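Report on the structure given below.
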Amino acid sequence: MSTLRTTPPLHPEPASPANQPERGSRVMVVWIPDWPVTAAAVAAGCSPDAPLAVLAKGRVLASSASARAEGVRRGLRARDAQSRCPELVVLKYDPVIDARAFDPVISCLEALTPGIQVIRPGMCALKARGPSRFYGSEAAAAEKLLDRLETFDVPGGRVGVADGPFAAEQAARASSARTRVKVIPAGGSAEFLAPLTVDTLERPALTDLLRRLGLRSLGAFARLPATEVLTRFGPDGEFAHRLARGDDDRPVVARQAPPELARKLDFEPPVDRVDQVAFAVRSVADELIEQLTKVGLVCTTLRVEVGTESGQVHEREWLHPRWFSATDLVDRVRWQLQGSGTATSELTSAVVRIRLLPEQVDPVGAHAEGLWGGGPDERIHRALSRVQSMLGHGGVVSVVVGGGRGFLERQTLVPWGDRPVPANPPELPWPGAITETGSRWPTPAPSSVYPVPKPAEVLSADGRRVSVSARGVLSGAPAAFRFEPSPQVADSNKLHPVIAWAGPWPVDEHWWDPAAENRLARFQLVGADGRAWLFAVRNNQWWTEASYD
């Protein structure tokens with residue numbers, strides 16, 4: 001019996017459209033030009049149409065249209081930008097304000113179509129398939145989104161539609177104020193991207209190398225063999241090569257809307273007493289903590305917004321060394337209403353609204369106690385919090401060591417629970433800092449630094465007062481010292497023999513500013529009882545700055 005065998009044709013027929021593999025999914029990118037300027041201007045109370053520039057690390061990150069008309073460009077230093085536009089208003093870039101201002105815009109768009117991914121504040125992406133089917137076409141869906149933004153007082157939006165997020169973003173940037181929507185046909189992303197420069201990839205190291213190789217456009221880069229690109233430029237270069245070819249298969253990952261944690265309390269009629277507001281806030285605080293517990297979170301940073309009858313809104317961020325409880329929330333509201341921490345119960349303007357917004361939340365597991373518990377730390381925290389609730393926000397402070405040359409200058413008193421940020425940044429160079437190892441200043445650091453230096457007198461062996469000339473020459477060797485009479489100083493006016501001394505260490509600070517000039521010399525003196533002291537002499541007046549216990 002013979003068997004019938006069939007051989008496949010040399011040129012198979014193309015598969016039907018239903019069986020063809022799907023190319024990169026269609027993506028719609030919504031872009032709001034100059035968004036950092038818009039967000040910063042609203043936060044600062046400026047008009048976005050004014051000549052504005054947002055600075056990040058001393059350079060222009062974004063500028064308004066009127067500032068660009070005067071020659072202000074991204075990357076310029078602040079001084080260069082202001083020389084081109086003297087009327088330029090400079091604002092500091094704050095990523096928190098940028099993201100916070102963009103969040104309502106995302107909520108506005110999600111009312112029309114869900115599944116939006118935030119690329120960066122001012123730009124978001126969504127799958128084009130659903131909206132295009134609902135509104136009839138991709139262009140109609142894009143116009144609908146832009147109309148939604150217009151009603152939300154966000155003008156000037158642009159939309160790009162293409163195969164993949166990268167091409168869609170470039171299409172949005174290629175649109176104009178007159179043609180706000182640019183749709184790249186399916187399969188036409190590579191042709192659209194080909195004339196663009198390699199700088200579009202936003203990879204400075206790679207684009208610099210490509211330019212040196214003579215590859216200045218995405219089309220020239222895309223024509224290279226993929227295997228050669230992977231071998232020469234590595235995985236990152238291979239990914240950029242796929243973007244240049246229009247083969248961007250990255251999916252649109254919709255953001256997960258966080259649970260609504262903010263709580264608001266309206267007062268009708270307005271309340272003008274702190275104790276009444278604190279009593280009413282207690283129920284809202286309990287509700288907020290209960291909601292956080294349900295989702296397994298704890299709040300470590302809280303923002304309190306107080307709306308007054310005069311129309312002003314006072315807001316402040318509060319930190320906590322561990323996490324907030326309901327009692328802690330009530331205390332923060334009360335302290336914010338009291339302002340300076342006084343015990344007054346009257347308000348200058350009646351309160352009409354209180355909002356509690358958890359700015360930073362952490363999983364409760366990140367703050368779980370150790371295997372053997374955290375008893376001592378918890379007892380310390382509860383004791384300090386109890387004292388702080390009685391004395392006010394500034395009643396309990398901790399010391400943070402920062403930068404500076406003198407001991408008193410280096411310490412910053414921070415209220416308990418606030419972020420431990422020193423007044424002077426420690427990373428700056430502080431030549432001649434008195435705790436710097438190997439410097440020409442006295443070491444080690446003293447154990448007690450007096451908030452106010454105590455007047456003293458240093459005497460030589462013949463009983464005369466020791467003086468120091470401008471060149472650091474002593475009139476005599478220190479033989480004894482005494483503190484000037486004061487009720488706060490023990491053994492006032494008692495003569496203490498000096499068994500050892502070191503110095504002088506001259507200091508000449510701010511010599512160019514007569515108002516802030518500080519010229520003095522420091523000494524270390526050791527008394528007969530073995531205690532050491534840090535002295536300073538200024539204009540022949542001796543002071544005790546610290547002691548070595």
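Everything quoted here is computed from the prediction, not taken from an experiment.
Taking each heavy atom of Thr200 and Leu196 in turn, the nearest pair found is OG1-CB, 3.8 Å. The two atoms that bring Val352 and Thr308 nearest to each other are CG2-O, 3.7 Å, heavy atoms only. Between Pro270 and Glu309, the shortest heavy-atom contact is CG-OE2, 3.8 Å. Here the closest heavy-atom approach between residue His241 and residue Ala222 is recorded as NE2-O, 3.2 Å. In this structure, Val306 and Gln336 approach most closely via the heavy-atom pair CG2-NE2, 3.7 Å. The two atoms that bring Leu302 and Pro358 nearest to each other are CD1-N, 4.1 Å, heavy atoms only.
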Item to check | Asp199 and Arg211: CA distance, side-chain angles, deciding distance, salt bridge (charged side-chain N to carboxylate O under 4.0 Å, His left out) verdict | outcome: CA-CA 9 Å; Asp199 296 330; Arg211 286 183 176 277; 2.6 Å; yes
Item to check | Residues Arg84, Asp80; criterion salt bridge (charged side-chain N to carboxylate O under 4.0 Å, His left out); working and verdict | outcome: CA-CA 6 Å; Arg84 299 187 181 188; Asp80 297 335; over 6 Å; no
Checklist entry - For Glu138 and Arg129, what are the C-alpha separation, side-chain angles and deciding distance, and is it a salt bridge (charged side-chain N to carboxylate O under 4.0 Å, His left out)? => result CA-CA 8 Å; Glu138 295 173 341; Arg129 183 177 181 180; over 6 Å; no
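In this structure, the separation between CZ on Phe233 and CG on Leu224 is 6.5 Å, given to the nearest 0.5 Å. A distance of 15.5 Å separates NZ in Lys144 from OG in Ser132, rounded to the nearest 0.5 Å. Taking CZ of Arg245 as the reference point, atom CZ of Phe221 lies at 9.0 Å (rounded to 0.5 Å). Taking CG from Leu230 and CD from Glu238, the interatomic distance works out to 5.5 Å, rounded to the nearest 0.5 Å. Rounded to the nearest 0.5 Å, atoms CD (Gln82) and CG (Leu88) are 6.0 Å apart. To the nearest 0.5 angstrom, Ser63 atom OG is 11.5 Å from Leu91 atom CG.
Listed by chain and number, the residues in a side chain to side chain contact (heavy atoms under 4.5 Å, CB included) with Ala285 are Ala326, Leu329, Val330 (sequence neighbours excluded).
Salt bridge status for Arg212 with Asp208: present, with a side-chain N to carboxylate O gap under 4.0 Å. The residues Arg232 and Glu228 are annotated as not salt-bridged, no charged nitrogen and carboxylate oxygen being separated by less than 4.0 angstrom. Using a cut-off of 4.0 Å between Lys/Arg side-chain N and Asp/Glu carboxylate O, Glu150 and Arg180 are scored as salt-bridged. For Arg334 and Asp331, the salt-bridge test passes: some basic side-chain N is under 4.0 Å from an acidic carboxylate O.
For CZ of Arg316, the number of neighbouring non-hydrogen atoms (other residues, nucleotides, ligands) closer than 6.0 Å is greater than 12. Crowding of Glu315 atom CD: a count of heavy atoms from other residues, nucleotides or ligands under 6.0 Å exceeding 12. Atom CZ of Arg282 is surrounded by more than 12 heavy atoms from other residues, nucleotides or ligands within 6.0 Å. Within 6.0 Å of CZ in Arg77 there are 12 or fewer heavy atoms belonging to other residues, nucleotides or ligands.
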Show me, pair by pair, the donor-acceptor contacts under 3.5 angstrom made by side chains of residues 37-55, not counting sequence neighbours?
{"from": "Thr38", "atom 1": "OG1", "to": "Asp34", "atom 2": "O", "distance (Å)": "3.2"}
{"from": "Ser47", "atom 1": "OG", "to": "Asp49", "atom 2": "N", "distance (Å)": "3.4"}

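Among residues at least two apart or in separate chains, there is no ring pair (Phe, Tyr, Trp, His ring centres under 6.0 Å) pair with a member in residues 147-188.
The cationic atom of Arg303 (NZ for Lys, CZ for Arg) does not lie both less than 6.0 Å from the six-membered ring centre of Trp318 and within 45° of the ring axis.
At a threshold of 4.5 Å between non-hydrogen side-chain atoms, the residues Arg353 and Phe267 do not count as touching. For the pair Leu218/Leu201, a side-chain contact is recorded, criterion being any heavy-atom separation below 4.5 Å from C-beta on.
Residues Ser325 and Asp328 bring a donor and an acceptor atom of their side chains to less than 3.5 Å of each other. Judged purely by distance below 3.5 Å, without hydrogens or angles, the side chains of Ser176 and Arg158 never pair a donor atom with an acceptor atom.
Partner of Ser189 under the side chain to side chain contact (heavy atoms under 4.5 Å, CB included) criterion, chosen from Asp247, Asp248, Asp163, Leu243: Asp163.
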